[in-house]
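All values reported here derive from a predicted model rather than from experimental measurement. Order of appearance sets the numbers: ligands from 1, and atoms from 1 within every ligand.
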Amino acid sequence: MKHSDSRRNFMATTAQSVGLTALGGMLWSGYTDSVKASPLVLRPPGAIQEADFLTACIKCGLCAEACQNRDTNIDKETGEAREGTLKMAKGGDSLLIGTPYFVPTEVPCYMCEDIPCVPVCPSGALDMKTLLNEKKELDINKSTMGLAVVHKESCIAFWGIQCDACYRACPLLDVAITLEYQKNDRTGKHAFLLPVVQDTACTGCGLCEQACVTEKPAIFVLPNNIAKGKAGNHYVKGWDSKDQERVQSAKGLETTTELSKKDPNDYLNMEVDY
Ligand code: SF4
Ligand code: SF4
């Protein structure tokens, strides 16, 4: 091969590899962008904030393995192990590959009392400290995997049909989901028994979502940052002494306008042309 040919080949090969590297970089950046934009994912109990979780989790799969192998996951009738709650994300799941998550309609979290999935985590992505109760014991009821939300329009209890499937499925019976009695004015003689999720108690296990009888669950778990609103610190509950304490030392911010320099009686009695 002539020198000029081999040089041309070298240039073409280099251009190809640069092109492939650039394409790979574009695909990877597109992939990481899309995984960052997976706001609906539900993580295992004790998972730290999603942005930190994505960097902390070393994708070892120990949590999913512990979940799969937990004692309570053996089917009593067949003696066989059932599908575990936690899955490890694969390509095409639109999640960071190798990170654990769960889908309540497939397998919810059964809120194991010993929480086998959390202590095995070597990276701190699942933080045991967040699951300690007042006695400093691991307590699954402290988990905040998400918050169940009721879609009133498709929940048949809001139509007046008797259904308490989600209420009965909740492991924190009558605490995380309560039933609210309301008179049914349409019939005049029946009552609504409406499921109401208590956001301070709901752990987001998804047992209610799995139990819901409607075609697409009318109660479903969302990550807390999606499900919850935020009123803002400047709203103070006048009837709540703790909330009052929060603002006792707050300094007022006064602004002066041309109008505020005057006596209110002056400008309130001003003639205004409409
Ligand atoms: S607490 Fe939930 S996620 Fe953890 S092992 Fe039990 S079922 Fe699996
Ligand atoms: S055990 Fe911890 S580090 Fe390993 S996959 Fe689960 S969350 Fe990630």
Asks: If you compare all heavy atoms of Cys202 against all heavy atoms of Leu147, which two are closest, and at what distance to 0.1 Å?
Replies: CB-CD1, 3.8 Å

Asks: Where does Ile58 meet ligand 2, judged by heavy-atom distances below 4.0 Å: at the side chain, the backbone, both, or neither?
Replies: both

Asks: Against heavy atoms of Tyr110, which atoms of ligand 1 measure under 4.0 Å?
Replies: 2 (Fe), 7 (S)

Asks: Can you see which heavy atom on Lys87 is nearest to which on Glu106, and at what distance?
Replies: NZ-OE1, 2.7 Å

Asks: Below 4.0 Å from ligand 1: does a non-hydrogen atom of Pro116 turn up there or not?
Replies: yes

Asks: Does Lys59, at its NZ atom, have more than 12 non-hydrogen atoms belonging to other residues, nucleotides or ligands within less than 6.0 Å?
Replies: yes

Asks: So if I count the atoms of ligand 2 from 1 in the order they appear, which ones are less than 4.0 Å from some heavy atom of Cys57?
Replies: 3 (S), 5 (S), 7 (S), 8 (Fe)

Asks: Would you mind telling me if ligand 1 is within reach of the side chain of Cys112, the backbone, both or neither, using heavy atoms under 4.0 Å?
Replies: both

Asks: Within the 4.0 Å heavy-atom shell around Leu86, which atoms of ligand 1 are there?
Replies: 3 (S)

Asks: Establish whether Leu132 and Val118 are linked, either directly or via other cluster members, by ILVMFWY side-chain heavy-atom contacts under 4.5 Å.
Replies: yes

Asks: I'd like to know if Met88 contacts ligand 2, where contact means a heavy-atom distance under 4.0 Å to any ligand atom.
Replies: yes

Asks: Output the distance between atom CG (Leu96) and atom CG (Leu54), rounded to the nearest 0.5 Å.
Replies: 5.5 Å

Asks: Has Ala66 got any heavy atom lying under 4.0 angstrom from an atom of ligand 1?
Replies: no

Asks: Would you check whether Val120 reaches within less than 4.0 Å of ligand 2, judged by its heavy atoms?
Replies: no

